[in-house]
Amino acid sequence: DESSGWKPAESLEQTAARDPDEAVEKQLKAAGGLKEQGNVAFKAGGFDMALAMYDGAIDCLSGATAQQAADARVVLLQNKALCLLKLDRAEEAAKTCSAALYIAPDSTKALHRRAMALEAQGILELALQDFRRVLQLDKTEKASLQGAKRVAAAMQDAADARRKAEEAHNDPHAAAALLTE
């Protein structure tokens, strides 16, 4: 009833048509609330719940093109990737980080998390590339330095194992030595 001062809430589409900046602000506010709920769930170990909250927040930003919305989307994608890593869903985590990197190619957090996801999948060369890229962008990033060392060592161990296996294949005496190790 117009005389009481009440009017129905304006839809996001109506707000966007009237004032695009206000629409982005509404989207950011809704996404921010869901992000905070996701953060609380994450800290409590509720990774599935946090993942759902981050997905909901990302959905709130669909269609928003402002830089603020893009920045918020990158943060949400990074948070989602961390949840996916905690849930042992490394392939999805890597894809989520790639989506964040599409928006922000120099995001050290997205690069580091993608490197972790790639490492978890055994895709060591690409993991090492991402860890090294983080270190190019931020030489003080200790977790990426440790990751790069860990992956490089794993790659060297794999190369050594391949070399020993090839030697054993070509030399029966070496094969016997491998059996006694």
Over all heavy atoms of both residues, which pair between [X] and [Y] is shortest? Give the atoms and the distance, please.
{"X": "Ala90", "Y": "Ala120", "result": "CB-CB, 3.8 Å"}
{"X": "Leu76", "Y": "Ala31", "result": "CD1-CB, 4.5 Å"}
{"X": "Leu34", "Y": "Gly56", "result": "CD1-C, 3.5 Å"}
{"X": "Gly38", "Y": "Ala50", "result": "O-CB, 3.3 Å"}
{"X": "Gln136", "Y": "Lys139", "result": "O-NZ, 4.0 Å"}
{"X": "Ala81", "Y": "Thr96", "result": "N-CG2, 4.0 Å"}

Next on the checklist: Please determine whether residues Leu87 and Leu118 belong to a single hydrophobic cluster, defined as Ile, Leu, Val, Met, Phe, Trp and Tyr linked transitively by side-chain heavy-atom distances below 4.5 Å.
Outcome noted: no

Checklist entry - Would you say Phe131 and Met155 are hydrophobically clustered, going by side-chain heavy atoms of ILVMFWY under 4.5 Å? => result yes

Next on the checklist: Could you work out, with salt bridge (charged side-chain N to carboxylate O under 4.0 Å, His left out) as the rule, every residue matching Asp55, not counting sequence neighbours?
Outcome noted: Lys80

Next on the checklist: My understanding is that only residues two or more places apart in sequence, or in another chain, count here; which of them pass salt bridge (charged side-chain N to carboxylate O under 4.0 Å, His left out) with Arg132?
Outcome noted: none

Could you name each residue pair satisfying ring pair (Phe, Tyr, Trp, His ring centres under 6.0 Å) that touches [range], not counting sequence neighbours?
{"range": "residues 64-92", "value": "none"}
{"range": "residues 62-87", "value": "none"}
{"range": "residues 132-158", "value": "none"}
{"range": "residues 45-89", "value": "Phe42-Phe47"}

Next on the checklist: I'd like to check the side chain to side chain contact (heavy atoms under 4.5 Å, CB included) partners of Glu91; sequence neighbours left out, ordered by chain and number.
Outcome noted: Lys95, Gln121

Item to check | Partner residues of Gln67 under the side chain to side chain contact (heavy atoms under 4.5 Å, CB included) criterion, sequence neighbours left out | outcome: Ala70, Asp71

Next on the checklist: For Met53 and Lys35: C-alpha separation, side-chain torsions, deciding distance, then whether side-chain contact (heavy atoms from CB on, under 4.5 Å) applies.
Outcome noted: CA-CA 6 Å; Met53 293 296 109; Lys35 176 185 175 264; over 6 Å; no

Can you give me every donor-acceptor pair (side chain of residues 146-154, partner residue at least two apart or in another chain, under 3.5 Å) with its distance?
unit_1, atom_1, unit_2, atom_2, d
Arg150, NE, Glu119, OE1, 3.4
Arg150, NE, Glu119, OE2, 2.7
Arg150, NH2, Glu119, OE1, 2.8

Next on the checklist: Any side-chain to backbone donor/acceptor pair from Glu141 onto Val134? Under 3.5 Å, distance only.
Outcome noted: no

Item to check | Between CG on residue Leu84 and CG on residue Leu51, distance to nearest 0.5 Å | outcome: 5.0 Å

Item to check | Distance in Å, Ser62 OG paired with Ile58 CD1, rounded so as to fall on 0.5 Å steps | outcome: 10.5 Å

Checklist entry - Taking only residues two or more places apart in sequence, or in another chain, which ones meet Arg163 in a side chain to side chain donor-acceptor pair (under 3.5 Å)? => result Glu167

Checklist entry - Of all residues at least two apart in sequence or in a different chain, which pass the side chain to side chain donor-acceptor pair (under 3.5 Å) check with Asp160? => result Gln156

Checklist entry - Would Leu28 and Val24 count as a side-chain contact (heavy atoms from CB on, under 4.5 Å) if you check the C-alpha gap in whole Å, the side-chain angles of each, and the deciding distance to 0.1 Å? => result CA-CA 6 Å; Leu28 287 169; Val24 170; 3.8 Å; yes

Please output the side-chain donor-acceptor pairs of residues 99-116 that fall under 3.5 Å, not counting sequence neighbours, one pair per line with the distance.
unit_1, atom_1, unit_2, atom_2, d
Asp106, OD1, Arg133, NH2, 2.6
Ser107, OG, Gln78, OE1, 2.4
Ser107, OG, Ala110, N, 3.2
His112, ND1, Ser144, OG, 2.6
Arg113, NH1, Gln78, O, 2.8
Arg114, NE, Asp130, OD2, 2.6
Arg114, NH1, Ser98, OG, 3.1
Arg114, NH2, Asp130, OD1, 3.0
Arg114, NH2, Asp130, OD2, 3.3

Checklist entry - What's the verdict on side-chain contact (heavy atoms from CB on, under 4.5 Å) for Lys43 and Val40, showing C-alpha distance, side-chain angles and the deciding distance? => result CA-CA 5 Å; Lys43 288 176 186 160; Val40 169; 6.0 Å; no

